[in-house]
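Remarks on the structure that follows.
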Amino acid sequence: MTSIAEPLQPPTRVLLGPGPSNVHPRVLRAMSVPLVGHLDPAFLRIMDETRRLLQFVFQTRNELTIAISGTGSAGMEACLTNLLEPGDEAVVCVNGVFGTRMADIVERCGAIVVRAEAPWGQVVEPAAIAAALSRCRRPKLVAIVHAETSTGAWQPLEGIAELAHAAGALLVVDAVTSLGGCPVRVDEWGIDACYSGTQKCLSCPPGLAPITFGPRALDVLLQRRTKVQSWYLDLTMTQKYWGAERVYHHTAPISMNYALHEALRLIAEEGLEARWSRHERNHAALKQGLAAIGLTIASQPGHQLWTLNSVRIPDGVEDARLRTALLEEYNIEIGGGLGPLKGQTWRIGLMGESSTAANVLLVLSTLERVLPRCGYPIEAGAGVAAAQRAYAA
Ligand SMILES: *Cc1c(COP(=O)(O)O)cnc(C)c1O
């Protein structure tokens, strides 16, 4: 046989970029077990367990808590297309790539975007949201990104639901880079619709988007005057497959659902609180280590994510040269900046399985080794030592 393609042989990387994160071997094994049909009783049981596990990680009692087929962006699109109809007004908080993407989807729904903005790297102030709401006649929803992966800004959500609800609007939250990495309390915070993705802090390959709709969002969905624009993402139909009726809509990606089930079981075994403090500890150690070699976190002080560290590139340092050296010589992936931050920042993700002390020490020591070659002369050792001290404290 003539070879038309090489055998699959991807390198084994340490994934410290903006996602995907490393995946536990148990999750990889779950993807290789035999398929069953998407209406097989064995699969329906797995779906039911997945719904319960998702309710646990989202900290919600919402019945409509399921995994949408597609990546995090499908979760974003599902929330917005199901809640918005042409002519509706939506306040969208924009301070990075993902708020910008939400605004784009809102426009594609035929709805009117009213922006509440902040500079990239900063969080959106409640006053800006209140001002945007006051510019609307009948705001349908407020959409906000909890963890802005493009900038490393950690948006506080306390009190935002009250603002939205007082104006008669729903609160929609992007928890793609927060769910499984830091507290996300859907019920306690009054969030009406929330979505995430599997490949960030849940440490599962990309392919599903966990989503939850509360009673107010469900009401809005059931009272629509028009059909949901997207057939594939129409929750009135997917709900009937995940719910008691079990009506065929589209074939569930079986192996992806196996993977999510196992990834969620791992989270339940670790415990949410323990998982959050692991992310906090590793972020703090990395930050101390970076500071010791003169590197700073670029996002707003007091609002810096544990899961995604946006690092300011020092003057004169070649961005791509450093990232290429890390990847090719050390098998470590870190991310570059996006949009206006391209060439300005590196993005070091510490998400899920990737958030370990071993990885923090590894990335610091390799940075210390590679930086001098890229135009930043430092003596190796100070960064790693500072991180060690942070762990010992
Ligand atoms: C990654 C990400 C998305 C999009 O997820 P995909 O899996 O790339 O589709 C949406 N929002 C945020 C905050 C993200 O980090």
Side-chain angles (χ1 to χ4, degrees), residues 15-23 27 57-58 67-81 92-106 108 118 120-124 142-157 160 171-184 186 191 193-212 230 232-233 253 256-257 259-260 263 279 283 299 303-310 333-339 341 345-352 354-355:
L15 297 175
L16 302 180
S21 57
N22 286 121
V23 172
V27 174
V57 294
F58 274 122
I68 298 283
S69 308
T71 64
S73 304
M76 183 188 289
E77 193 139 19
C79 279
L80 296 170
T81 51
V92 182
C93 299
V94 180
N95 58 347
V97 166
F98 295 103
T100 305
R101 185 174 297 179
M102 282 178 147
D104 186 2
I105 295 175
V106 167
R108 288 164 193 252
W120 286 45
Q122 312 249 342
V123 299
V124 180
V142 172
I144 194 163
V145 178
H146 189 204
E148 192 31 276
T149 321
S150 63
T151 68
W154 186 352
Q155 177 69 47
L157 293 178
I160 307 292
L171 177 61
V172 177
V173 171
D174 176 317
V176 176
T177 295
S178 52
L179 192 72
C182 66
V184 174
V186 167
I191 299 170
C194 189
Y195 61 89
S196 191
T198 43
Q199 87 270 26
K200 312 253 169 126
C201 304
L202 301 179
S203 273
C204 181
L208 292 176
I211 185 175
T212 184
S230 166
Y232 197 76
L233 298 174
M256 274 312 305
N257 277 279
L260 177 60
H279 283 80
H283 158 76
S299 49
H303 299 285
Q304 298 172 346
L305 285 172
W306 298 337
T307 52
L308 191 286
N309 302 274
S310 183
E333 177 179 274
I334 67 167
L338 285 182
L341 298 175
T345 59
W346 292 308
R347 290 182 300 152
I348 304 180
L350 292 173
M351 304 182 189
S354 295
S355 176

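As the structure lists them, so they are numbered: ligands from 1, and atoms in each ligand from 1. Predicted, not measured: the structure shown is a model, and the values here were computed from it. No hydrogens, no waters, no symmetry mates; every other heavy atom, side chains included, goes into these values.
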Among protein heavy atoms, which sits nearest to [atom], and what does the distance come to when rounded to 0.1 Å?
{"atom": "atom 15 (O) of ligand 1", "answer": "T149 OG1, 2.3 Å"}
{"atom": "atom 11 (N) of ligand 1", "answer": "D174 OD2, 2.7 Å"}
{"atom": "atom 7 (O) of ligand 1", "answer": "Q199 NE2, 2.8 Å"}
{"atom": "atom 10 (C) of ligand 1", "answer": "F98 CD2, 3.3 Å"}

Task: Enumerated ligand 1 atoms positioned under 4.0 Å from heavy atoms of S73 - done: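 Per the distance check, 4 (C), 5 (O), 6 (P), 9 (O).
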Open item on the list: Which heavy atom of G121 sits nearest to which heavy atom of A153, and what is that distance?
Closed with: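 It is O-CB, 3.7 Å.
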- [ ] Take W120 and N95 through the side chain to side chain contact (heavy atoms under 4.5 Å, CB included) test and state the conclusion after the steps.
- [x] CA-CA 5 Å; W120 286 45; N95 58 347; 5.5 Å; no
Below 4.0 Å from ligand 1: does a non-hydrogen atom of [X] turn up there or not?
{"X": "G197", "value": "no"}
{"X": "K200", "value": "yes"}
{"X": "A147", "value": "yes"}

Does any N or O in the side chain of [X] come within less than 3.5 Å of the main-chain N or O of [Y], such that one atom is a donor and the other an acceptor?
{"X": "T198", "Y": "L208", "value": "yes"}
{"X": "H283", "Y": "L305", "value": "yes"}
{"X": "T177", "Y": "A147", "value": "no"}

Open item on the list: Does W154 form a side chain to side chain contact (heavy atoms under 4.5 Å, CB included) with E148? I'd like the steps, not just the answer.
Closed with: CA-CA 7 Å; W154 186 352; E148 192 31 276; over 6 Å; no
Open item on the list: Is there a polar contact, in the sense of an N or O pair closer than 3.5 Å, between Y195 and ligand 1?
Closed with: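 It does not: no N or O of Y195 is found under 3.5 Å from an N or O of ligand 1.
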TODO: Under 4.0 Å, heavy atoms only, figure out whether ligand 1 is touched by the backbone of R101, its side chain, both or neither.
DONE: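 Under 4.0 Å from ligand 1, R101 contributes side-chain atoms alone.
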- [ ] Can you spot which of S203, P205, C201 makes a side chain to side chain contact (heavy atoms under 4.5 Å, CB included) with S21?
- [x]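 Among S203, P205, C201, the one meeting side chain to side chain contact (heavy atoms under 4.5 Å, CB included) with S21 is S203.
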